[in-house]
Every structure is written in C-alpha cells, then in structure tokens.
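Here is the structure we will look at, set down as structure tokens.
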Amino acid sequence: MTRAAENHADDTATLKAVIASQRSEIEHLKLVVAKLQRLQFGRRAERLDVSIDQLNLLADAPSSAGTAPALPSLEAPRSERRKPVRKPLPVHLPRETLVHTGTDSCCPDCGGRLRQIGEDVAEMLEYVPARFKVIRHVRPKLACGRCDTIVQAAAPQRPIARGMAGPGLLAHVLVSKYCDHLPLYRQSAIYAREEVDLPRSTLAGWVGESAALLQPLVEAIRRHVLAGATLHADDTPVPVLEPGRGRTKTARLWTYVRDERPARGEAAPAVWFAYSPDRKGVHPQQHLKTFRGTLHADGYAGFGQLFLSQEITESACWAHARRKLYEVHQAQGSPLAATALTHISALYAIEAEIRGRPPDQRRAVRQARAAPLLGALREWLEHSLEQVSRKSGLAEAVRYALGRWPALTRYCDDGRLEIDNNAAERALRPVALGRKNYLFAGSDPGGDRAAAMYTLLGTAKLNGLDPEAYLRHVLARIAEHPINRIDALLPWNVVEQLVEPERIAA
C-alpha cells in the first residue's frame with residue numbers, strides 16, 4: 001500500500017471516529033433538550049404509551065449483538081372502566097334546610113285537600129365567605145369597700161406578647177403562606193378587601209414570632225423522626241435573597257420522613273425539614289448524626305459519607321432509576337428502555353399488593369416473586385449495555401441502575417423498607433408549589449422559619465389533621481404549656497380532640 005493510500009485510510013478512520021463522536025454528542029444533547037422540555041411543558045406522570053404485549057414482543061426479539069437473556073413474560077392487566085360516581089357531601093358539614101311548598105293548597109284538578117305522601121331531597125354545596133371578628137376581653141376591676149383593695153382577673157395569655165392577632169388568625173396566615181402558597185403581600189391585599197389593614201411587614205413579624213413559639217414542637221418532631229429504624233431523605237433548592245448583592249443564592253430545604261404505615265408500623269408518621277444555605281454534604285451528615293438504621297435516598301454524593309460507617313445502611317430508589325430510563329424512552333423511543341420500564345412496573349405491581357402487610361409477609365413475597373425478576377432484569381441490563389454506545393443516554397441510565405444494584409435490591413431482604421424514596425418526594429411537593437408563588441425566601445432566618453412551618457404542617461397532614469385546625473389548637477395553648485410536656489401537643493396526640501367521632505369512623 002502506498003503512503004498516499006495509508007494517509008487516506010487514516011483520514012477516513014479519523015473522520016469516522018469524529019462522526020461517531022458527533023452523533024453521540026447530538027443524541028446526548030437531544031436527550032437534554034427533551035428532559036428540559038418535559039420539565040417545562042410535558043406531563044409529570046411517568047406512564048408508558050405502549051401496551052405490555054408489545055413490549056413482551058420487543059423483549060423476546062433477537063438482538064444483532066447476540067441473544068439477550070430472556071426476561072419473564074408479563075400478563076397485561078385487565079382494567080374495567082368504571083362510571084364515575086359523585087361522592088356524598090361530608091356529614092360533618094352543617095345543614096340548612098329550605099322547604100319548598102307549592103302555591104296551591106288544593107288539588108289543581110278536582111279541588112280536593114292535598115296531603116303529603118313523600119318528599120324529594122337534593123343537597124347543594126354552598127360557601128359562606130370567611131370573615132373577621134373582634135373579641136373584646138373585658139376585665140372588671142373590683143374594689144373592697146373596707147380596705148380599698150382592688151381585685152381583677154388575670155389577663156388572658158396571647159400567642160404573641162402584646163400582639164393583636166388571635167390563634168385563629170395566626171393559623172390562617174401560616175397555612176395560607178406555607179400550605180396554600182399565598183405570599184404575604186397577596187394576603188395583605190385580600191384582607192384589605194375586608195377593610196382590615198394588615199401590612200406585609202406586620203404579617204412577616206407574626207410569622208417569625210409564631211415560628212419561634214412553635215420551635216419546641218419542631219424539635220420534638222425531629223427527635224421522633226430520627227428515632228425510627230428507617231428514614232426517607234431528599235432535598236430541594238430554594239432561592240434566597242443575598243443582602244447587598246441584588247440577587248438570590250441557591251439554598252436547600254432538606255426533608256426527612258418517618259412513615260412506617262406501609263409495613264404496618266405503629267409509630268406515628270412525621271416529617272422534619274431542615275434549612276441550609278448551600279448543598280454541602282456536611283449538612284445531611286450533621287442532621288443525621290444521631291440516626292441509626294436504613295436511609296432511603298437518591299444518588300446524591302453528599303449522602304455517601306453516611307454510608308461509610310456501619311451505622312447507616314443505604315437503600316436506593318427505584319423511582320430515580322426508572323425516571324432516567326423513562327426520559328430516554330420519551331426522547332428517543334428506545335425499545336430497550338421501554339422493556340426495562342415494563343419490568344420495573346411489575347416490581348411496583350408486587351409492592352401495591354403487599355402494601356400495609358407486616359414486614360415478614362412483605363419480605364416473603366418479595367423473595368418469592370420480586371427477587372427472581374430482579375435477577376433476570378440485572379442480567380438483561382448488563383447484556384443490553386453491551387449493545388449501545390457508552391456515551392448514550394440509555395447507557396448512562398443503565399449504568400446508574402447497575403452501579404447501585406446492591407442498594408436497589410436491599411428492600412427485598414427487609415420487609416420494613418420501601419422500593420423507592422417517594423415518601424420524601426411527596427413531602428417536598430408543597431415546597432415546589434410554594435416556590436412558584438413566593439419565588440424566593442427573604443433571608444436565611446426566613447429559610448429556617450419555612451423549614452419549621454413545613455415540618456408542622458406536613459406532619460399534621462400525614463396524621464390526617466386539618467393543618468389550620470391543628471395550628472389554631474396549638475397556638476391557643478402553647479404559650480402556657482409546660483415545656484416538659486410538649487409531646488402532648490404533637491399532631492398524633494391531639495387527633496381525638498380535633499377530629500369529630502363520625503369523621504374518625506369514616
């Protein structure tokens with residue numbers, strides 16, 4: 001071969017390598033764009049639009065790179081469309097009865113006397129607008145006629161010293177901001193329609209005073225959460241103003257959830273939020289320094305230091321592994337990703353059947369049904385990884401799952417564990433919704449106050465309480481409540497006082 005031919009062959013090989021690299025880069029960029037478009041405009045549900053029968057055919061199809069390990073065939077679920085039925089109106093709502101009688105007292109045909117033989121009853125839901133009221137506390141002064149001693153009843157305790165806000169108003173402001181996602185300036189405008197002047201600065205002061213007053217309850221919930229044997233952890237960004245710099249920084253709200261109900265645990269569910277000005281790994285290490293058990297978490301490297309000791313065990317999240325495959329399937333229509341998603345769905349179907357059973361039963365079912373499916377899935381993923389480009393999005397998604405395989409399959413060996421970390425993601429949902437409305441926190445202390453309120457409101461909802469009713473109950477009592485009996489005001493200890501008997505039965 002001449003030197004010119006050798007140079008031509010080298011140039012051809014180089015160009016082919018460049019083209020292959022560019023194609024891989026283009027596919028990667030397409031995947032990134034598709035992810036961003038789905039986050040901005042797409043649906044959030046990670047549902048497949050392909051039938052299970054079609055995916056079984058894809059899974060059984062021969063591969064050009066060799067025969068892939070066979071995955072267990074899945075039966076298509078049978079679903080019957082149910083006609084929607086209107087739910088009856090809640091029985092605890094007050095009823096007002098209006099009787100509609102005809103104008104005729106006699107029969108319009110023969111003139112005979114009319115008598116009632118029955119009635120038709122139809123209920124209509126109405127809304128009575130909320131309104132302010134002023135409670136006047138009058139303390140008469142009594143004087144003794146013999147010694148001029150003056151006697152007067154003690155002043156009632158207020159949630160905020162010398163403040164004019166009652167516990168009901170404070171609870172409404174807090175729930176409107178942190179549960180209904182109404183910024184304080186919007187609340188101020190709403191109250192102005194009732195000709196009540198409550199500036200945003202006044203409302204902000206009330207929020208700060210209330211958070212300080214409720215801090216012992218937050219601390220009690222933190223101790224309860226960290227005392228569990230299993231825990232769910234996650235974090236989300238929160239923009240926070242940087243004074244003097246005219247911009248925001250990205251801080252973090254961390255959530256830690258204790259919820260043993262899926263394994264029929266008796267401990268009350270609770271969530272604890274913590275704020276940090278950045279996302280350094282030292283923060284979760286500080287938060288969980290007293291925790292001993294299994295931690296459900298995503299692949300964030302900051303949790304990695306916790307798993308180096310023998311005191312905290314990692315349980316990875318199948319929802320995160322599935323999401324990466326789903327994004328590839330949505331962006332590229334990959335049949336390999338679709339097949340993997342279908343068999344991950346089978347794992348979730350098993351979990352749906354055993355939710356609420358005791359840990360030993362859950363472990364037995366998982367060992368019998370989920371473990372063989374996981375073994376076949378791992379072998380299939382390893383083989384599929386050899387068929388795709390190492391730089392492709394699908395390869396990245398498969399490597400994410402295989403790199404965490406021991407932690408992803410740990411739930412099969414312990415009936416107390418969950419298949420994913422969705423409990424923590426659900427707890428963070430109000431933060432994401434609120435962030436779209438108030439846009440940013442005003443300061444680091446504002447982030448701490450937000451964490452405290454999300455802790456109380458989230459724990460109240462986990463225990464089936466109306467968050468506003470719970471805060472109203474607590475704010476009316478906590479100022480005079482003994483600090484050594486603060487546990488009596490925890491959400492799961494006041495359920496019977498806040499929920500009517502008929503609603504508990506329902």
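If you're wondering where the values come from, they're calculated on a predicted model, not measured in any experiment. Numbers here simply count residues along the sequence, with the first being 1.
- Residue pairs meeting the side-chain hydrogen bond (donor to acceptor under 3.5 Å, both in side chains) criterion with at least one member in residues 298-311, sequence neighbours excluded: Arg292-Glu311.
- Leu288 places a side-chain heavy atom less than 4.5 Å from the side chain of Leu231.
- Of all heavy-atom pairs between Ala401 and Ala321, the closest is CB-CB, 4.4 Å.
- A distance-only check finds no donor-acceptor pair linking the side chain of Thr236 to the backbone of Leu253 [under 3.5 Å].
- Nearest approach of Ser210 to Ile160, heavy atoms of both residues: OG-CD1, 4.4 Å.
- Using a cutoff of 4.0 Å between basic side-chain nitrogens and carboxylate oxygens, Lys249 and Glu242 are not scored as salt-bridged.
- Every residue two or more places apart in sequence or in another chain that forms a side chain to side chain contact (heavy atoms under 4.5 Å, CB included) with Gln286 is listed here: Lys289.
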Passes salt bridge (charged side-chain N to carboxylate O under 4.0 Å, His left out), Glu396 versus Arg390? Steps please. CA-CA 7 Å; Glu396 179 184 351; Arg390 295 183 58 84; over 6 Å; no
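- Atoms OG1 and CG, from Thr409 and Leu374 in turn, are 6.5 Å apart once rounded to the nearest 0.5 Å.
- With salt bridges taken as basic N to acidic carboxylate O contacts below 4.0 Å, one links Glu382 and Arg378.
- Panel note: side chain Arg366, backbone Tyr411; a donor-acceptor pair is recorded below 3.5 Å.
- In this structure, Gln361 CD and Ile354 CD1 are separated by 9.5 Å, a value rounded to the nearest 0.5 Å.
- Remark: Pro467 pairs with Val175, Cys179, Leu457, Lys461 by the side chain to side chain contact (heavy atoms under 4.5 Å, CB included) rule, at least two apart or across chains.
- Among all heavy-atom pairs drawn from Leu184 and Leu203, the shortest one is O-CD1, 3.6 Å.
- Classified by interplanar angle (parallel below 30°, tilted 30° to 60°, perpendicular above 60°), the ring pair Tyr454/Tyr178 is perpendicular.
- Here Ala233 pairs with Tyr256, Leu295, Phe303 under the side chain to side chain contact (heavy atoms under 4.5 Å, CB included) rule; sequence neighbours left out.
- With rounding to the nearest 0.5 angstrom, the OG atom of Ser276 is 7.5 Å from the CG atom of Asp235.
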Verify side chain to side chain contact (heavy atoms under 4.5 Å, CB included) between Thr339 and Leu336, making sure each step is shown before the conclusion. CA-CA 5 Å; Thr339 304; Leu336 292 176; 5.6 Å; no
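- Between the side chain of Thr342 and the backbone N or O of Ala338 there is at least one donor-acceptor pair closer than 3.5 Å.
- Annotation: cation-pi geometry satisfied between Arg322 and Tyr348 (NZ/CZ under 6.0 angstrom from ring centroid, within 45° of ring axis).
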Applying salt bridge (charged side-chain N to carboxylate O under 4.0 Å, His left out) to Glu418 and Arg362, what does each step give before you reach the verdict? CA-CA 10 Å; Glu418 292 300 304; Arg362 286 158 57 95; 2.6 Å; yes
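- Relative orientation of the His287 and Trp272 rings is perpendicular, given thresholds of 30° and 60° on the angle between their planes.
- Of the N and O atoms on the side chains of Gln387 and His383, at least one donor lies less than 3.5 Å from an acceptor on the other residue.
- The shortest heavy-atom contact between Cys412 and Ala370 is SG-CB, 4.0 Å.
- The CG atom of Leu341 sits 9.0 Å away from atom OG of Ser334, with the distance rounded to the nearest 0.5 Å.
- Panel note: side chain Gln285, backbone Gly281; a donor-acceptor pair is recorded below 3.5 Å.
- Taking the side chain as every heavy atom from C-beta outward, Pro216 and Ile483 approach each other to under 4.5 Å.
- Checked for salt-bridge contact, Glu219 and Arg222 meet the test: a charged N lies under 4.0 Å from a carboxylate O.
- The salt bridge (Lys or Arg N to Asp or Glu O under 4.0 Å) search around Arg258 returns Glu260, not counting sequence neighbours.
- Side-chain atoms of Ser392 never come within 3.5 Å of backbone atoms of Val388 as a donor-acceptor pair (strictly under, hydrogens ignored).
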Stepwise side chain to side chain contact (heavy atoms under 4.5 Å, CB included) test for Leu217 and Val474: CA-CA 10 Å; Leu217 267 177; Val474 169; 3.4 Å; yes
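- Annotation: Arg200, atom CZ; neighbour count of heavy atoms from other residues, nucleotides and ligands within 6.0 Å does not exceed 12.
- For the atom pair CG (Leu214) and CG (Leu471), the distance works out to 6.5 Å, reported to the nearest 0.5 Å.
- The nearest pair of heavy atoms linking Pro269 to Asp259 is CB-OD1, 3.8 Å.
- A salt bridge is absent between Arg252 and Asp278; no separation between the charged side-chain nitrogens and carboxylate oxygens falls under 4.0 Å.
- Taking all atoms of both residues into account, the shortest heavy-atom contact from Ala427 to Val271 is CB-CG2, 3.9 Å.
- In this structure, a donor-acceptor pair under 3.5 Å is present between the side chains of His473 and Arg477.
- Separating the CG atom in Leu456 from the CD atom in Gln215 is a distance of 8.5 Å, to the nearest 0.5 Å.
- Here the side chain of Asp420 pairs a donor or acceptor atom with the backbone of Asn422 at under 3.5 angstrom.
- Checked against the 6.0 Å centroid criterion, the rings of His296 and Trp318 do not qualify as a close aromatic pair.
- Judged purely by atom type and a 3.5 angstrom limit, Thr455 uses its side chain to pair as donor or acceptor with the backbone of Phe273.
- In terms of modelled atom types and a separation under 3.5 Å, the side chain of Arg435 and the main chain of Pro237 share a donor-acceptor contact.
- Applying the side chain to side chain contact (heavy atoms under 4.5 Å, CB included) rule to Glu353 yields the partners Arg369; only residues at least two apart in sequence or on another chain are considered.
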